[in-house]
2 protein chains.
Amino acid sequence: MVKITDVARHAGVSPSTVSYALSGKRPISEETRQRVEEAIRELGYRPHAGARALASSRSNVLALVVPLRAGIHVPVVMQFAVSVVTTARRHDHDVLLLTQEEGEDGLRRVADTALVDALIVMDVQLHDPRLDLLRSLERPSVLIGFPAEPAGLTCVDLDFKAAGEACVEHLARLGHRVVALVGSPPEVYVRGTAFAQRVVQGFTAAADRGGLSSSVHPCEATPAAARLVAEQLLREQPALTGIVVHNEAILEPLTDAFEQLGLRVPGDLSVTAICPDEIAESVRVPVTSVALPSAELGERAVQLLMKKLDGGAVPDATLLAPRITERASTAPRNT
Amino acid sequence: MVKITDVARHAGVSPSTVSYALSGKRPISEETRQRVEEAIRELGYRPHAGARALASSRSNVLALVVPLRAGIHVPVVMQFAVSVVTTARRHDHDVLLLTQEEGEDGLRRVADTALVDALIVMDVQLHDPRLDLLRSLERPSVLIGFPAEPAGLTCVDLDFKAAGEACVEHLARLGHRVVALVGSPPEVYVRGTAFAQRVVQGFTAAADRGGLSSSVHPCEATPAAARLVAEQLLREQPALTGIVVHNEAILEPLTDAFEQLGLRVPGDLSVTAICPDEIAESVRVPVTSVALPSAELGERAVQLLMKKLDGGAVPDATLLAPRITERASTAPRNT
DNA sequence: GTCCCCCGTCGAAGCGCTTCGACGTCACGC
DNA sequence: GCGTGACGTCGAAGCGCTTCGACGGGGGAC
C-alpha cells in the first residue's frame, strides 16, 4: 500500500505538506502542489479512510435509514436513496445504508463509533421513538417528514398544504366550481398525522379563496369504501366536477366507481391526486398529480446536513414546493 | 468520548486486555472478562470505527453497488439490498451504498481507501467493464448474475435452467402435453444473455424428458408483439394448453390476447411465468410464477463474502433453486 | 534600515485501536 | 523436582493520517 510518506518522499516534501496540498487547509505554493499531485498520480496514492477518520474525526460517511414498513412505496424510497447517494458523492461523502429494523440501537451504534458523521432518517412517525435519541446525539441529522414535536430537529418534507392548494387551483383554473377531497382513512386524521391534515387545510383554504364550494371525505383504503364515497358524493353534491384524492390505494377503485355511476373522467369529472408518479401513471386513466419529490428531497436533506457539518445554521423546517403533473384525468369543465 | 484506556483503567486492566476481551483473540479469564464488560457498560464505551479500521486493516463495511438502469425492477433491488444489510449486520458488518453510476472509479475508490473490506455488485452484464477491475482488486467480491467469462469471480444467481424446468414440470403435473415458451426479445438471445438461454435449455429439456411437445418463441416487449405471438401459437399449435412466459412486460398483454382469441386462463390455457412476485400478483389473473429470490440472493452473497474474508474457499458459481408459487393462472388440463 | 507579519514548509505529536512479543504463574508429566 | 507448555496479562510499537506550533525568508510599513 502506498502511503502519504511515500508520496512525500517522491515529491521531495514532508508528509504534512502533502496533507495540506490535498486538503487546502494551508497555503501551498503552486509549484509544490504540482509536484505533489504528480507524485500522487504516479504512485496511485489513495488516503486510507480509517486513518483519515481517526486523525480528523471525520469519516465522510452519512447514514441513511430506510423504512421497511408495509405500505411504503418502494420506488419512492429507492429514488430518494439514489438521490442521497448522488448528492453525498458530490460533497465527497459516502452513504451507509441502515434499515428501520436496526432501530435506535443502530443509530446509536453508527453515531457513537464515529462510523458516520451525520444521519438521514426517512419515514419519521409523529411520535417516533428515535426523536429523543436524535436530539441527544452529538451528530447532526435530518428527518424526512414531520414529527409532532419537531423542536430541536431539522425536518424536510413536501409542503402538503401547498400540494392541496395546487390541486384545487389546478381544478379552479379549469373552471371547476364544486370540488371534493377524498382523503386518507379516518384514523389517519384522528391520529393527527400532520401531513394529512395539512392537505385538508390547503385544500379548504384554496377552495375558499377561489370561491369554490368544497367538502372533505376521509375514506378507508378499500374499493368498497371508495364506491360508497363516490355514491355519497353524487347524491349530496350533484354539481361536483372536480376531486382531489389523497389516498393512493383507492385511486383506481374510486375512478372506476364514478365511471360505473355514469360519470366519465375527465369528461364529466376531473380527478387530481397526491401520490407517487408510478401510481398516477399506472392507473387506467393516468391522473394529474402532485408527487412526493423524492429526488429533490434527498438532495435537500444532504445539503442541509453538509451545512450543519460545516457548522452552519439551517432552518428547522424545509418545505418543498409541490409540482403538479398534468395527465389525462383533468379537463376544462364541461359547460 | 470514552476510549479503551478509560475502560481499561476502570476495570483495572491494560488496554490490550480490554481489546482481547472484546475480540476473543486471546484467552481471558472469566473474571476479567466480567469486569471489562461491566466497565464497558458503565462507561458506555463504543470502539472508534476509524481507529479500529486503521489498526486492524478491517473496516467491517461491505460495499453494495445497486443498478440504476431503466428496466430494472425496483422492488427486487430494494428487497435484495435490505437482505444484504440484514445479513451483513448479523455478521457484524455494515453496508455502504454505491450506485452503478459511480462505475469503476467508485469501486476502486472504496476498495483502495480501505473504506470497505469487500464488494457486492448487482446487475452484472455479460461483458461488464467492471469485471477486470474486480478481478484485480485486492478485496473479495461477489457478483449477482453471470458474466460471459466468470473465471476468477464469485457469482450468485437464480438457477434459470431449473426455473424453466420447474415451470414445465408444473404444467406437466397438471396434465398439459403441449407447451410453449414465450421468451425475451430476440436480441436478448442474440446477445447471448446467459440467463435467457438457460431458461430455454431448461424448458426444452424438461419438455423432452416429460414427453411434451414444445416450442420456443422470442417476443418483443410490446403488446402488439404479444398479440402476434398469441395468434401464431393458436394457429400453429391448436392443441396448446400450457405456456411459460419469460418476459415481464408482456405478461398481461399476452394473457389479454389469448382471452380475446377465445381462450380462458386458466380454463383453456395455463400460464406460468418467470418474473418478480409483484408483477405476477398485480396482473388481472395472478400468475403462477418462479421469482428471483432476491432475499435469499442477498443472504447468500453476504455469506460467501464472509467466507472469503475469513480466507475460506468458495464455489465460483452458486445457483439458487427456483421456487414456484401457484396462483390463479394454472389449472389441470381441461379433458 | 528595522520591525513585523505573512507565506510556505517542516517536524512531531497524537487520533484510539490492535497485535506482537514477553513474562509470570500454574499444572502436569516423567 | 524440574522442565514444559498453556494460560492470562501487560507494555510498547505501530496502523496512516491530520494538525499544531515553529521557523526561515521575503516584503511592506514606517
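Throughout, protein chains are lettered first and strands after them, A, B, ... in sequence-line order, and every chain is numbered starting at 1. Side-chain atoms are counted along with the backbone in the values below, which use heavy atoms only and exclude waters and symmetry mates.
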For [X] and [N], give me the distance from atom [atom1] to atom [atom2], rounded to whole Å.
X        : N      : atom1 : atom2 : answer
A:Ile40  : D:dG16 : CD1   : C1'   : 14 Å
A:Leu115 : C:dC17 : CG    : P     : 13 Å
A:Leu54  : D:dC15 : CG    : P     : 13 Å
B:Leu22  : C:dT19 : CG    : C1'   : 14 Å
B:Arg35  : D:dT9  : CZ    : C1'   : 11 Å
A:Ile4   : D:dT19 : CD1   : P     : 11 Å
A:Arg33  : C:dG8  : CZ    : C1'   : 11 Å
B:Ile28  : D:dG8  : CD1   : C1'   : 6 Å

Any side-chain N or O of [X] below 4.0 angstrom from OP1/OP2 of [N]?
X       : N      : result
B:Ser56 : C:dT18 : no
A:Arg26 : C:dC7  : no
A:Arg52 : D:dT18 : yes
B:Thr17 : D:dC10 : yes
B:Ser29 : D:dT9  : yes
B:Lys25 : C:dT18 : no
A:Tyr20 : D:dC17 : no

Taking for each residue the nucleotide of DNA chain D bearing the nearest heavy atom, is the 5' side occupied by B:Ala55 or by B:Glu31?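 Nearest-nucleotide comparison on DNA chain D picks B:Glu31.
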
Go nucleotide by nucleotide along DNA chain D from the 5' end; which of B:Ser14 and A:Thr5 gets its closest nucleotide reached first?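 Counting from the 5' end, the first nearest nucleotide belongs to B:Ser14.
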
Member of A:Val85, A:Leu64, A:Thr87 meeting the side chain to side chain contact (heavy atoms under 4.5 Å, CB included) criterion with A:Val302: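 Looking at A:Val85, A:Leu64, A:Thr87, the match for A:Val302 under the side chain to side chain contact (heavy atoms under 4.5 Å, CB included) is A:Thr87.
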
Is B:Lys307 atom NZ crowded by more than 12 heavy atoms from other residues, nucleotides or ligands, each under 6.0 Å away?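 It does not: B:Lys307 NZ has 12 such atoms or fewer within range.
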
Quick check: are there more than 12 heavy atoms from other residues, nucleotides or ligands sitting under 6.0 Å from CZ of A:Arg135?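 Check passes, neighbour count above 12.
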
Nearest-neighbour nucleotide for the [X] side chain, [options] considered:
X       : options                : result
B:Lys3  : D:dC10, D:dC17, C:dC17 : C:dC17
A:Thr32 : C:dT9, D:dC10, C:dC17  : C:dT9
A:His48 : D:dG16, C:dC17, C:dG8  : D:dG16

Would you classify A:Pro27 as touching base, sugar-phosphate or nothing, given that sugar-phosphate means primed atoms plus P, OP1 and OP2, and contacts are heavy atoms under 4.0 Å?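 Counting heavy atoms under 4.0 Å across all strands, the contact made by A:Pro27 includes a base.
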
Side chains of residues 138-149 of chain B: which donor-acceptor partners sit under 3.5 Å, not counting sequence neighbours?
residue	atom	partner	partner atom	Å
B:Arg139	NE	B:Ala111	O	2.6
B:Arg139	NE	B:Val116	O	3.4
B:Arg139	NH2	B:Ala111	O	3.2

Would you please say whether a donor-acceptor pair under 3.5 Å links the side chains of B:Thr17 and B:Ser14?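 Their side chains do contain a donor-acceptor pair, which is all the 3.5 Å distance test asks for.
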
Check ion pair A:Asp6-A:Arg9 (N to O, under 4.0 angstrom):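 Counted as a salt bridge, because a side-chain N and a carboxylate O are separated by less than 4.0 Å.
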
